[in-house]
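Below is one structure, written out as structure tokens; the observations come after it.
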Amino acid sequence: MRVLPGVPIGTPRLTFDDGPGEDTEALLDVLARHGVTATFFLVGERVTQNEGLVQRIVREGHELGNHSWDHPDMRTLPLDAVRAQLVSTSDAIEGAAGVRPNLFRPPYGYTSPAIEELAESLGMPTLLWDVDTGDWDRPGVEAIGAALSGAPEGAVVLMHDGPAGREQTVAAVEHALAAALDRAPDAH
Ligand code: ZN
């Protein structure tokens, strides 16, 4: 794993779904300490409850994505409901932090060509992932860190900062970034 501090999208590309949540603040502290930025795929209904965190995410140079309003399987919804999920979430993010997300990640990765086309028409290409750390299932800090550290350069890595109980993820990111930066003497 190689992470370049100060580069807007690190390599591998770290992405965090399902926030903002109880552990987002601690995760932002870790990322800031190592000068690494990431992409946060936010859930709309949590945005309205955590506007200060959304503002901090933007202020610290991270990228925002849309992860739906309340995390449904989008394939089960009519397209007008999918549109409502996307628009309400982007509106909430803009209301909180003044920017609209420019990426979409469907909950569970469940999507369809029609859903992707709709998101694209709203200015949000779909970004899935290459490496699933399995952090959602709380497999332990070492397991998450091994998946993260084993991700190849340029890979999109899936992790979660919400809604709660993500302290294993925060610890794994801390360990992996500290180790990666130790191996990159020019990085500091
Ligand atoms: Zn999710």
Side-chain angles (χ1 to χ4, degrees), residues 9 12-28 30-31 37-51 53-54 56-58 62-79 81-94 96-97 99-116 118-120 122-141 143-145 147-148 151 155-173:
I9 304 298
R13 182 172 180 175
L14 308 183
T15 69
F16 298 94
D17 290 8
D18 295 0
E22 289 178 10
D23 298 293
T24 301
E25 187 112 59
L27 176 63
L28 287 169
V30 167
L31 294 173
T37 54
T39 305
F40 289 81
F41 286 93
L42 305 181
V43 173
E45 66 179 2
R46 293 174 196 148
V47 166
T48 58
Q49 298 154 12
N50 296 283
E51 292 198 335
L53 281 173
V54 182
R56 182 178 170 193
I57 290 170
V58 171
H62 304 289
E63 186 174 28
L64 291 181
N66 185 319
H67 196 46
S68 82
W69 181 260
D70 59 1
H71 213 275
D73 176 351
M74 296 288 218
R75 302 170 306 178
T76 67
L77 302 179
L79 276 181
V82 172
R83 174 185 290 272
Q85 288 268 337
L86 294 174
V87 171
S88 59
T89 299
S90 290
D91 286 351
I93 291 170
E94 184 171 22
V99 298
R100 293 184 82 78
N102 57 9
L103 288 170
F104 169 58
R105 175 174 286 164
Y108 316 103
Y110 294 160
T111 187
S112 72
I115 292 168
E116 289 189 20
L118 176 56
E120 178 95 35
L122 295 169
M124 296 182 290
T126 294
L127 182 70
L128 296 177
W129 57 85
D130 303 309
V131 175
D132 182 353
T133 60
D135 72 323
W136 191 87
D137 203 26
R138 301 168 54 86
V141 175
I144 298 168
L148 176 55
V156 178
V157 180
L158 172 64
M159 289 175 282
H160 297 80
D161 66 311
R166 302 271 74 92
E167 62 283 339
Q168 289 185 3
T169 301
V170 175
V173 171

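Numbers here simply count residues along the sequence, with the first being 1. Each ligand, and each atom within it, is numbered from 1 in the order the structure gives.
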Contacts of type ring pair (Phe, Tyr, Trp, His ring centres under 6.0 Å), residue F16, not counting sequence neighbours:
F40

Treating R105 as the side-chain partner and F41 as the backbone partner, does any N or O pair qualify as donor plus acceptor under 3.5 Å?
no

Applying salt bridge (charged side-chain N to carboxylate O under 4.0 Å, His left out), which residue pairs with at least one partner in residues 70-79 are found, sequence neighbours left out?
D73-R75

Starting from the Zn ion (ligand 1), count all protein N, O or S atoms within a radius below 2.8 Å.
3

Which heavy-atom pair separates V157 from A151 by the least distance, and what is that distance?
CG2-CB, 3.6 Å

Who are the side-chain contact (heavy atoms from CB on, under 4.5 Å) partners of E116, not counting sequence neighbours?
T111, T126

Counting C-beta onward and ignoring hydrogens, is there a side-chain heavy-atom pair between R138 and E167 closer than 4.5 Å?
yes

